[in-house]
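It should be emphasised that the depicted structure is a prediction, and the values quoted were computed from it without experimental measurement. First the proteins, then the strands, lettered A, B, ... as listed; each starts at 1.
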Number of protein chains: 2
Amino acid sequence: MSDSARDKEIVTRDGRATIVDVARRAGVSKSTVSLVLSGSSLVADATRQRVSAAMSELGYIYHRGAATLRGARSGVLGMVINDLSNPFFVEMAIGIEEACQGGAFIPFLANAAENSLRQLQVLRSMREHGAAGILLSPAIDTQLSELKPLLGDMPVVQVMRRLPGLKASVVAPENKEGARKATAYLIAQSHRRIAFVGGLASMTVRDERLAGYRAALDAARIPFDPALVIETMTSYAGGGTALPQLLNIAEPATAALCFNDVVAIGMMRALAAAGVAVGRDFSLVGFDDIEEARHTYPALTSVAVNGKNLGARAAQLLMRQLASGNFAPETVLCPATLVVRASSGAAPRTGASA
Amino acid sequence: MSDSARDKEIVTRDGRATIVDVARRAGVSKSTVSLVLSGSSLVADATRQRVSAAMSELGYIYHRGAATLRGARSGVLGMVINDLSNPFFVEMAIGIEEACQGGAFIPFLANAAENSLRQLQVLRSMREHGAAGILLSPAIDTQLSELKPLLGDMPVVQVMRRLPGLKASVVAPENKEGARKATAYLIAQSHRRIAFVGGLASMTVRDERLAGYRAALDAARIPFDPALVIETMTSYAGGGTALPQLLNIAEPATAALCFNDVVAIGMMRALAAAGVAVGRDFSLVGFDDIEEARHTYPALTSVAVNGKNLGARAAQLLMRQLASGNFAPETVLCPATLVVRASSGAAPRTGASA
DNA sequence: AGGATTTATTGGCACGTTCCAAATCAGACT
DNA sequence: AGTCTGATTTGGAACGTGCCAATAAATCCT
């Protein structure tokens, strides 16, 4: 009995069928099943169909672990995003997803929430699973030294954020130029006391945007006033906290360029609560142009970065590098254009300047 | 030469060190390294340290594929979310993430964007990688028959959404009761022409919320008018399209309960554009209470579901089931409470009723 | 001291897949 | 009939890790 019984029990163990089970069922060798799996043209049509039938009859599932063991690549891309509570990064993630549609890769997202320890765990886990590549927007306090050994030889594309010194491709918006344009626009609206609000000093993105702000001031011969530059958390709440420091001073600000839209919207709410008419008494400009910027009241003027496009470009770059095997770091800058809406306008005439 | 050379070359192949390489370097057997890896108390402290040192010297990375091959569980949870452009689901995902902090599991997120084909791919990929369990918010048009074989014996917890007939745990808000409370509140504000706006008929969540809406009407002896129930896409844009059908009719609506906040906010914008004062001329109530609801103007009255809590509860349930090995389906209902803000108020006295 | 028990360590096999070289087969041609 | 060619198919032999049974070393008990 034992011999015939062994022949009959096709599915071994805990219900998970293997290619050997499939092979036995279809009356071929496991090698043939493997060929069918990889879509090889070597196998005859009739055989292919017999094997496919056996697979679905047994509810076969491919065991990727066994495959990566033999060196096969896994077909997953890891995205590591750090601030999913900022809609901009969600739009970026969606852009990445969409760019991968129909391609050979499936992206998985992990949110590290600015926790660099968690970021390390997540990256390690992705590497352990044999991710083919990584799309990374590093946590604010990421240490280069701890990140480097973990990434090893995995192809990495940095999106939006960038870790100085990391030898990896970068896809980012023209932060400096965008901020310069926005500030120049406010100056053209005859604002002279223009604040820069939001973000923490350790963020490279903020450095770039701040540099654009200063460049525009310099070009207009407006002196830079450190009192008008305020660090905050990059959250709705953060935007609110900045307000007193801008209005309760000798020469109050009449306009603000915010580090991003989330901060701007938080600030807009605080302004409304303080009875200041945004767009008339005070001009507000955000950055990123998230979808919500169109729905605020008044609608928010913002520097459009197009997060979806940014994500898509990054995903395309990574997939192109994976396909070609050439991982030389590249830098892609995406345009940032000013979108004027109702939250900004001419400076009120009460100011000290002409 | 060949013999001594073979002994010296610790790291084989393409730079990836194995447990055997580590063992040789530390002067122990691979079994001992394996024990160190699993944190066993069997291994002596001195040995453990020697092994750990060897691991970091070689830049060893654990090969999870090989481990799952031997039957080990992978430590990843898969979350499959379908509408990441709805901030509610983002909040839910963050809740899941937070609940996994410090636990033994790392959650990976995949966005299927209501594409059931993609959802299948993503689920298959997660299963192939040996995910320990799945947190699923199924795509709208998911077919039970195609989902079932793919899930197989993987533990699944459905969050927010639910696929009728799927034998898996569910964590969801009290949709019916929440909608009932919101509608009763509008009735108490003396509204009589109350619309229900948004969502598509195929959504179970909508069915439940609509049922609550009807229950409140029935309790107040207000006749149900199908003309006041409008299907839309669950997007900002969708909310806007509904407006003409509510105002350009014989007895216009004076209030609306929206399927969710995104629809409500879209509708609020359309109302503002039409010159209708939200909160005075027209009362608007959303559902979910996403963070943005507090930032609209006027601030949006909404039925608070607490997406973070919902996600956290689901993650806890799944992890508890994984720890105990008992996968009997459970149902967890989370409270939904009405949060009144400025977007709703008493009905204008121009109406036909008392 | 000698066995019993505990504490550390170790080979070797198995897991499910891919790849390679080799084998088989069906015609076609010499 | 034998040989060649191209089209299919097939046995292994890895890949890196976990587990089990066995061993070696150290400690205990009487």
Side-chain angles (χ1 to χ4, degrees), chain A residues 10-52 54-55 58-75 124-125 127-130, chain B residues 6 10-52 54-55 58-75 124-125 127-130 152:
Chain A
I10 296 270
V11 175
T12 60
R13 262 168 330 287
D14 54 332
R16 184 149 186 172
T18 78
I19 58 170
V20 179
D21 300 321
V22 174
R24 205 177 313 167
R25 175 99 170 199
V28 295
S29 78
K30 64 182 163 43
S31 303
T32 304
V33 178
S34 178
L35 287 176
V36 171
L37 241 31
S38 63
S40 165
S41 59
L42 282 174
V43 48
D45 267 356
T47 315
R48 182 195 317 283
Q49 281 171 23
R50 210 144 29 92
V51 170
S52 302
M55 288 201 300
L58 295 180
Y60 166 76
I61 11 157
Y62 184 66
H63 196 308
R64 196 142 245 154
T68 58
L69 193 51
R70 272 298 285 166
R73 269 315 188 176
S74 94
R124 174 170 25 240
S125 183
R127 183 157 191 200
E128 285 177 358
H129 281 89
Chain B
R6 181 147 25 95
I10 296 270
V11 175
T12 59
R13 261 166 332 287
D14 54 332
R16 184 149 186 170
T18 79
I19 172 180
V20 179
D21 300 321
V22 174
R24 205 177 314 167
R25 175 99 170 201
V28 296
S29 78
K30 66 179 164 45
S31 301
T32 304
V33 178
S34 177
L35 288 176
V36 170
L37 241 32
S38 62
S40 165
S41 60
L42 282 174
V43 48
D45 267 354
T47 315
R48 182 195 315 283
Q49 281 171 23
R50 208 143 31 91
V51 170
S52 301
M55 288 201 299
L58 294 180
Y60 167 75
I61 10 157
Y62 185 64
H63 196 307
R64 198 140 242 157
T68 59
L69 194 49
R70 272 298 284 159
R73 270 315 189 176
S74 94
R124 179 176 16 247
S125 183
R127 182 157 192 201
E128 285 177 358
H129 281 90

Value in whole Å for how far the P atom of dG16(D) lies from CZ of R24(B):
11 Å
T68(B) side chain to S74(B) main-chain N or O, any donor-acceptor pair under 3.5 Å?
no
Are the side chains of K30(B) and S34(B) in touch, meaning some heavy atoms are under 4.5 Å apart?
no
Write down the distance between CE (M55(B)) and P (dG16(D)), rounded to a whole number of angstrom.
17 Å
Please tell me if the side chains of R48(A) and D45(A) come closer than 4.5 Å, counting only heavy atoms from C-beta onward.
yes
For the pair made of CD1 in I19(B) and C1' in dT9(C), what is the distance, rounded to whole Å?
14 Å
Nucleic acid contacts of residues 63-75 of chain B, taken as heavy-atom distances under 4.0 Å to DNA chain C:
L69(B), R70(B)
May I ask you to evaluate whether S29(B) reaches the phosphate of dT10(C), defined as a side-chain N or O under 4.0 Å from OP1 or OP2?
yes
So what is the end-to-end bend of the helix from dA1(C)-dT30(D) to dT30(C)-dA1(D), with 5 pairs used at each end and the value given to 10 degrees?
50°
Out of curiosity, E128(B) CD to S125(B) OG, how far, rounded to the nearest 0.5 Å?
6.0 Å
Only one of V33(B), I19(B), L37(B) forms a side chain to side chain contact (heavy atoms under 4.5 Å, CB included) with V51(B), so which one is it?
V33(B)
Please find the pair of heavy atoms, one from Y60(A) and one from A17(A), that lie closest to each other, and give the distance.
CD1-O, 3.3 Å
Over all atoms of both residues, closest heavy-atom pair of V43(A) and S40(A)
CG1-O, 3.4 Å
Between atom CZ in R50(A) and atom P in dT8(D), what is the gap in whole Å?
13 Å
Close side-chain approach of T18(A) and D21(A), heavy atoms under 4.5 Å:
yes
Side-chain donor/acceptor of R50(A) to backbone N/O of A26(A), under 3.5 Å
yes
When you measure from every atom of DNA chain D, which of residues 30-42 of chain A have a heavy atom less than 4.0 Å away?
K30(A), S31(A), T32(A), L35(A), L42(A)
Write down the atom of R16(A), the atom of H63(A), and the distance for their closest heavy-atom approach.
NH2-CA, 3.7 Å
How close or far is atom C1' of dT9(D) from atom CZ of R48(A), stated in whole angstroms?
13 Å
